[in-house]
S.K.: 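So that we are looking at the same thing, I have put the structure below in structure tokens.
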Amino acid sequence: MLEVAKKQEEKDAFNAVEAAMSDASYKIRILALQKIDLINKFSKKDAISKIMQMANNDDKTLVQATAIETLGKLTDPALKTIFEKGLESKSYSVIGKSLVAMYYIDKPTAIAKSKELPDEIKKILATPLTRIYIEEKDEKELPFIAKSVLSGMFLTGDDTTKSLYQKAFKQISESNNSEAIQNLVEDMVVKGNQYKSFNFDKVVINLMRTMINDQKTKNTENKVRNTEIIKEGMAKLL
């Protein structure tokens with residue numbers, strides 16, 4: 001399947017990936033959705049219509065979520081009703097993918113919906129929400145983002161997620177937001193101690209040095225307070 005997916009400029013290979021979207025195994029359906037290449041393709045219309053059905057009706061919510069993510073890449077406002085339906089799902093994974101897909105075609109709706117979510121659901125959807133808030137440069141949401149930054153940078157195997165949280169780290173590190181800096185530093189102290197046997201405390205101390213430097217370079221209004229917060233955290237790890 002993976003080999004076939006690499007040759008989708010050939011019609012037979014594209015058709016094979018499209019056919020795999022109807023496989024009895026939900027894992028194969030997910031893989032086909034992740035791999036299908038919808039750019040300038042032969043029977044793209046049929047494939048998109050099939051993916052729309054999967055987004056609405058597949059009996060596995062993980063398949064629905066992946067179908068929504070695949071449709072989201074098309075940034076087509078005509079798909080808005082599918083994302084709206086996804087936002088009402090009971091599945092967090094469907095809601096998360098729908099939020100990001102909606103953001104690229106209707107930012108106000110996606111942002112308004114993200115602000116309405118209860119805190120416990122926001123925690124579960126930290127990554128899709130971070131994607132939206134970082135792109136929006138939403139300062140008010142930095143304290144929320146800060147709590148997931150370390151896990152996102154170091155405890156996920158997914159490169160896209162890692163680079164998203166590296167961006168988030170930079171935004172917080174250069175910001176004036178003392179609450180966000182406090183939240184990030186507290187998590188650094190906890191995880192630095194927790195994973196000391198892997199020398200993670202040293203990794204975290206280096207990140208703290210970067211933060212102090214960023215505060216100095218950016219000359220933020222709260223520079224003195226923010227630097228103090230970071231140095232207090234550092235002292236707990238040294």
S.K.: How would you list all residue pairs meeting ring pair (Phe, Tyr, Trp, His ring centres under 6.0 Å) that involve residues 87-115, not counting sequence neighbours?
M.R.: none
S.K.: Using the test side chain to side chain donor-acceptor pair (under 3.5 Å), find all partners of Asp214 that sit at least two apart in sequence or belong to another chain.
M.R.: Ser173
S.K.: Quick one: side-chain contact (heavy atoms from CB on, under 4.5 Å) partners of Ala13, sequence neighbours excluded?
M.R.: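 Ala13: side-chain contact (heavy atoms from CB on, under 4.5 Å) contacts with Val4, Lys7, Glu10.
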S.K.: Using salt bridge (charged side-chain N to carboxylate O under 4.0 Å, His left out) as the criterion, list what pairs up with Arg131, not counting sequence neighbours.
M.R.: none
S.K.: Is a side-chain donor or acceptor of Gln171 paired with a backbone partner of Ile134 at a separation under 3.5 angstrom?
M.R.: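 Yes, the answer is positive, given that a donor and an acceptor are paired below the 3.5 Å cut-off.
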S.K.: For a quick test of your reading: what N or O donor-acceptor pairs under 3.5 Å do the side chains of residues 177-185 make, sequence neighbours left out?
M.R.:
from: Asn177; atom 1: OD1; to: Glu179; atom 2: N; distance (Å): 3.3
from: Asn177; atom 1: OD1; to: Ala180; atom 2: N; distance (Å): 3.1
from: Asn177; atom 1: ND2; to: Glu139; atom 2: O; distance (Å): 3.0
from: Ser178; atom 1: OG; to: Asn222; atom 2: ND2; distance (Å): 3.4
from: Ser178; atom 1: OG; to: Asn226; atom 2: OD1; distance (Å): 2.5
from: Gln182; atom 1: NE2; to: Glu186; atom 2: OE2; distance (Å): 3.2
from: Asn183; atom 1: ND2; to: Pro143; atom 2: O; distance (Å): 3.0

S.K.: With sequence neighbours excluded, what pairs up with Phe154 under the ring-ring contact (aromatic ring centres under 6.0 Å, His included) test?
M.R.: Phe200
S.K.: Which pairs would a plain distance check flag for residues 231-238, meaning a side-chain donor or acceptor within less than 3.5 Å of a matching protein atom at least two apart in sequence or in another chain?
M.R.:
none

S.K.: Not counting sequence neighbours, list each pair that qualifies as a side-chain hydrogen bond (donor to acceptor under 3.5 Å, both in side chains) and has a residue in residues 141-164.
M.R.: Lys115-Glu141, Lys122-Glu141, Asp158-Thr161
S.K.: How would you list, by chain and number, every residue that makes a side-chain contact (heavy atoms from CB on, under 4.5 Å) with Ala67, sequence neighbours excluded?
M.R.: Leu33, Ile51, Met54, Ala55
S.K.: Can you run down the side-chain hydrogen bond (donor to acceptor under 3.5 Å, both in side chains) pairs that involve residues 66-81, sequence neighbours left out, and say none if there aren't any?
M.R.: Glu69-Lys97, Lys80-Asp106
S.K.: Suppose we screen for side-chain contact (heavy atoms from CB on, under 4.5 Å). Which residues come up paired with Asp187, at least two apart in sequence or across chains?
M.R.: Leu150, Lys191
S.K.: Does Asp23 have any side-chain contact (heavy atoms from CB on, under 4.5 Å) partners at least two apart in sequence or in another chain, and if so, which?
M.R.: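 Once residues adjacent in sequence are excluded, the partners of Asp23 under the side-chain contact (heavy atoms from CB on, under 4.5 Å) criterion are Ser25, Ile28, Arg29.
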